[in-house]
Amino acid sequence: MSQRELIIAIDGPSGAGKSTLSRLLARILGYVNIDTGAMYRAVALQAHRLNVSPEDAAGLGRLCEGLRIEFERSEAGDRVLLNGEDVSEAIRTPEVSLLTSRVAACPCVRTALVRLQRSLGEQGGVVLEGRDIGTVVFPRAEAKFFLLASARERGHRRYLELKEKGLVVDLEQTIAEVEERDAADGAREHSPLLQAEDAVAIDSTGLSIEQVLEEMLQVVRARRRHSGLPDMPRGSTV
Ligand code: DC
């Protein structure tokens, strides 16, 4: 019987390194990388463009029905397409970030996106990153990680990221926004940010990307063995 490849879930608050690490893991393993935050962001951007309020559940539900969200892989990085339009930059503005945590609290948005995420990931050979992957989307994922870092460090990372993109940002304000989003994501009624009981928690405060990646690879190697999959080549690296 051919064993399917693993489903890897990476959850945690914003700025904890999920995007970078899931991209690296996916590249090393030859897996598909699915950034579920980008999907919620795309819904928020569309709501903003069509003037649908984050409180208008029925409006958001209708909006999700007609939405096509796709990922396009390119050498320059993954692109996010909304109804065929490249919105990779447009979904990352601070304004859309704040709107996203409100839109993501709507149960009908979550239902629509969880369904899409399951259909994209169920064949295995995927790394999904988000907030509820190990708890709701794929509770039976073979490898689950929960990445953490202090709010100050995460805010600082986000600040550097935005600055590099040429945006005018204030460090203290970026940290405050990270804290604000943490509070919204952790307190919402539907699928709040929670660590799955069987997730491996890694606090990346003060650690390099390489150190975190190595910890994750050790877990992945063990889970591959457990699932009867062939060993990854030793020293597999990017
Ligand atoms: O990971 P990110 O910063 O791109 O996520 C954007 C927002 O979407 C953030 O407020 C949390 C929310 N989100 C969610 O509720 N569930 C997910 N699976 C992924 C993201």
Side-chain angles (χ1 to χ4, degrees), residues 7-23 33-48 54 57 60 64 67 69 71 77-80 82 87-121 126-139 141 144-149 151 153-162 165 167 169 174-196 199 204:
I7 295 175
I8 301 179
I10 304 183
D11 291 306
S14 54
K18 298 189 302 293
S19 302
T20 307
L21 285 152
S22 51
R23 224 177 305 122
N33 178 32
I34 300 170
D35 173 0
T36 64
M39 299 166 90
Y40 286 95
R41 286 171 180 273
V43 173
L45 176 66
Q46 188 73 342
H48 176 67
L60 288 174
C64 285
L67 217 58
I69 302 170
F71 293 97
D78 293 352
R79 314 302 297 170
V80 185
L82 172 62
V87 293
S88 315
E89 269 84 42
I91 59 170
R92 307 256 165 227
T93 63
E95 191 187 9
V96 172
S97 298
L98 282 176
L99 184 61
T100 305
S101 43
R102 297 172 68 196
V103 164
C106 174
C108 53
V109 172
R110 303 209 71 84
T111 305
L113 292 190
V114 166
R115 190 180 307 136
L116 180 56
Q117 290 152 19
R118 286 185 179 145
S119 72
L120 292 172
V126 281
V127 183
L128 295 109
E129 55 132 326
R131 304 293 191 287
D132 58 345
I133 311 300
T135 49
V136 175
V137 184
F138 285 111
K144 296 184 189 177
F145 296 97
F146 196 82
L147 295 186
L148 296 149
E153 173 139 345
R154 290 184 288 117
H156 192 241
R157 289 176 192 167
R158 191 63 99 201
Y159 165 81
L160 294 177
E161 232 174 76
L162 294 170
K165 287 183 185 152
L167 294 167
V169 274
T174 312
I175 293 171
E177 280 170 8
V178 163
E179 286 170 341
E180 198 178 319
R181 279 208 287 150
D182 278 3
D185 295 339
R188 69 171 174 237
E189 189 183 344
H190 301 278
S191 303
L193 173 64
L194 272 182
Q195 182 181 332
S204 69

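Both counts, for ligands and for their atoms, begin at 1 and track the order of listing.
In this structure, atom 18 (N) of ligand 1 lies nearest to the protein heavy atom D132 OD1, 2.9 Å. What sits closest to atom 16 (N) of ligand 1 on the protein, heavy atoms only, is R110 NH2, 2.9 Å. The protein heavy atom nearest to atom 20 (C) of ligand 1 is G37 CA, 3.5 Å. The single protein non-hydrogen atom nearest to atom 8 (O) of ligand 1 is T100 CG2, 3.5 Å, given as residue, atom name and distance. Scanning all protein heavy atoms for the shortest distance to atom 5 (O) of ligand 1 gives R131 NH2, 3.5 Å. Residue, atom and distance of the protein heavy atom nearest to atom 12 (C) of ligand 1 are A104 CB, 4.0 Å. For atom 4 (O) of ligand 1, the nearest non-hydrogen atom of the protein is R41 NE, 2.7 Å.
Under a 4.0 Å N-O distance rule, the pair E89/R79 qualifies as a salt bridge.
Contacts between R158 and ligand 1, counted as non-hydrogen atom pairs separated by less than 4.0 Å, involve the side chain only. Residue E180 does not touch ligand 1, judged by heavy-atom distances below 4.0 Å.
Every heavy atom of Q117 sits 4.0 Å or more from the atoms of ligand 1.
Atom 19 (C) of ligand 1 has its nearest heavy-atom neighbour, among T36, L113, V136, in T36.
An N or O contact shorter than 3.5 Å is missing between D35 and ligand 1 by distance. The shortest N or O to N or O distance between R188 and ligand 1 is under 3.5 Å.
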Discussion item. Please determine whether salt bridge (Lys or Arg N to Asp or Glu O under 4.0 Å) holds for the pair R158 and D182, giving the CA-CA distance in whole Å, both sets of side-chain angles, and the decisive distance to 0.1 Å.
Written reply: CA-CA 14 Å; R158 191 63 99 201; D182 278 3; over 6 Å; no
Fill in: R41 vs S97, side-chain hydrogen bond (donor to acceptor under 3.5 Å, both in side chains): CA-CA, chis, key distance, verdict
CA-CA 7 Å; R41 286 171 180 273; S97 298; 3.0 Å; yes
Discussion item. For a side-chain hydrogen bond (donor to acceptor under 3.5 Å, both in side chains) check, start with the C-alpha distance between R157 and T20, then their side-chain angles and the critical distance, and finish with the verdict.
Written reply: CA-CA 12 Å; R157 289 176 192 167; T20 307; over 6 Å; no
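A 4.5 Å side-chain heavy-atom check between R131 and R188 finds at least one atom pair inside the cut-off.
Separating the CG atom in D132 from the NE2 atom in H190 is a distance of 12.5 Å, to the nearest 0.5 Å.
In terms of heavy atoms, L194 sits closest to T135 at O-CG2, 3.8 Å.
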